[in-house]
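Taking it in order: structure first as structure tokens, then the write-up.
For ligands, and for the atoms within them, numbers begin at 1 and follow the listed sequence. Just the heavy atoms: all of them, side chains too, but no hydrogens, waters or symmetry mates, feed the values below.
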Amino acid sequence: MSEPKIEVLFSTDEIAARNAAMAAEIHASGFDDRPLVVAVLKGGFVFAADLIRALHGAGIAPEVDFMSLSSYRAGTTSSGTVTVLRDLETDVAGRDVLLVDDILESGRTLAYAKQLLLDRGAKRVALAVLLDKPVRRVAAIEAEFVGFTSPDLFVVGYGMDMGHAYRQLPYIGHVIVSN
Ligand code: IMP
Ligand code: MG
């Protein structure tokens with residue numbers, strides 16, 4: 001079997017332009033100008049790192065915290081059970097929270113996280129996701145801010161992995177396995 005090839009779906013430049021536009025959309029939506037950004041690990045870390053710098057360009061000065069969530073996966077689909085592997089250090093009560101993750105797929109992971117933050121008293125929880133795969137949705141949840149609508153393919157790069165590989169790619173791609 002030869003080395004897998006990666007087909008580029010969204011280039012580094014396209015992602016950077018979209019991040020700047022999303023930051024402007026977030027600012028225009030009337031978000032608190034000192035919100036709490038909650039980056040969901042691991043997949044959301046590259047997007048969150050770029051988005052907070054784009055938010056700076058839009059005049060927003062966020063606080064940043066991290067949450068590690070695991071939705072147990074069998075192969076490439078999630079099972080629906082979500083566990084908090086690393087919790088926030090910040091009290092979210094009364095805060096405007098921007099929950100940032102890589103992909104909204106079934107929606108189970110982010111539906112769980114959003115409800116958890118609301119239960120803890122967050123004033124507002126808005127979702128910013130790099131990719132939306134609407135055809136895969138199971139939970140009743142939509143993101144207020146979406147980078148790109150993704151084709152129904154397993155994607156890698158820009159923080160997203162396949163078997164712990166490819167997170168370092170500076171673009172979003174699709175792995176083509178050929179024999
Ligand atoms: P959901 O709970 O089904 O919405 O799961 C979304 C999570 O599954 C994302 O945050 C990713 O960590 C992971 N995931 C879903 N689709 C992909 C993909 O195409 N590539 C890499 N990770 C994915
Ligand atoms: Mg994830």
Side-chain angles (χ1 to χ4, degrees), residues 3-12 14-15 18-19 22 26 36-52 62 64-90 92 97-119 122 125-178:
E3 271 292 289
K5 290 193 171 54
I6 314 277
E7 177 200 10
V8 178
L9 295 175
F10 302 103
S11 71
T12 303
E14 285 174 293
I15 296 168
R18 189 66 199 109
N19 284 346
M22 278 178 89
I26 291 165
L36 176 67
V37 163
V38 171
V40 179
L41 301 174
K42 301 175 187 170
F45 84 107
V46 174
F47 173 48
D50 281 347
L51 187 64
I52 59 169
V64 183
D65 203 345
F66 302 90
M67 196 172 212
S68 180
L69 298 171
S70 159
S71 40
Y72 289 109
R73 303 179 74 81
T76 55
T77 48
S78 68
S79 67
T81 316
V82 182
T83 316
V84 178
L85 300 176
R86 181 213 184 267
D87 208 339
L88 299 174
E89 292 170 6
T90 313
V92 300
V97 178
L98 188 65
L99 188 55
V100 178
D101 202 0
D102 54 359
I103 309 185
L104 184 61
E105 197 174 275
S106 75
R108 287 178 176 126
T109 312
L110 289 176
Y112 174 88
K114 181 175 183 175
Q115 192 55 51
L116 185 67
L117 301 182
L118 289 171
D119 290 347
V125 179
L127 258 55
V129 295
L130 177 64
L131 298 176
D132 187 9
K133 281 192 198 169
V135 297
R136 293 274 170 162
R137 197 81 80 255
V138 173
I141 186 164
E142 294 304 328
E144 284 81 351
F145 309 103
V146 173
F148 304 97
T149 300
S150 176
D152 187 18
L153 296 171
F154 197 80
V155 299
V156 297
Y158 200 68
M160 296 173 286
D161 76 309
M162 186 171 78
H164 307 289
Y166 303 116
R167 291 195 201 273
Q168 76 282 7
L169 298 178
Y171 50 82
I172 300 166
H174 170 240
V175 181
I176 299 162
V177 184
S178 55

How would you list, by chain and number, every residue that makes a side chain to side chain donor-acceptor pair (under 3.5 Å) with E14, sequence neighbours excluded? S11
May I ask whether G43 has any heavy atom positioned less than 4.0 angstrom from an atom of ligand 1? no
Using a 4.0 Å cutoff against the non-hydrogen atoms of L153, which atoms of ligand 1 qualify? 19 (O)
Decide, yes or no, whether a salt bridge links E105 with R136 under the criterion of side-chain N to carboxylate O below 4.0 Å. no
Under 4.0 angstrom from ligand 1, any heavy atom of D101? yes
Residue K133 vicinity, atoms of ligand 1 by number, heavy atom under 4.0 Å: 16 (N), 17 (C), 18 (C), 19 (O)
Mind checking the CG-OH spacing from L131 to Y158? Nearest 0.5 Å is all I need. 10.5 Å
Got a second to check how far R86's CZ is from S70's OG, nearest 0.5 Å? 15.5 Å
Just to check, does V82 reach to within less than 4.0 Å of ligand 1 when the distance is taken from its heavy atoms? no
Under 4.0 Å to a heavy atom of S106 - the qualifying atoms of ligand 1, by number: 1 (P), 2 (O), 3 (O), 4 (O)
Distance filter under 4.0 Å to D161 heavy atoms, resulting ligand 1 atoms: 21 (C)
Can you list the ligand 1 atoms lying under 4.0 Å from a non-hydrogen atom of T109? 1 (P), 2 (O), 5 (O)
Contacts of T90 that satisfy side chain to side chain donor-acceptor pair (under 3.5 Å) - sequence neighbours left out: D65
Under a 4.0 Å N-O cut-off, is there an ion pair linking K42 with D102? no
Return a yes/no value for V155: is any of its N or O atoms, backbone included, closer than 3.5 angstrom to an N or O of ligand 1? yes
Note: heavy atom closest to atom 6 (C) of ligand 1, options I103, V175, L110, belongs to I103
As an exercise, state the distance from CG of L130 to CG of N19, rounded to the nearest 0.5 Å. 7.0 Å
Would you mind reporting whether V175 and F154 have side-chain heavy atoms less than 4.5 Å apart? no
Please confirm whether R137 comes under 4.0 Å of ligand 1, counting heavy atoms of the residue only. no
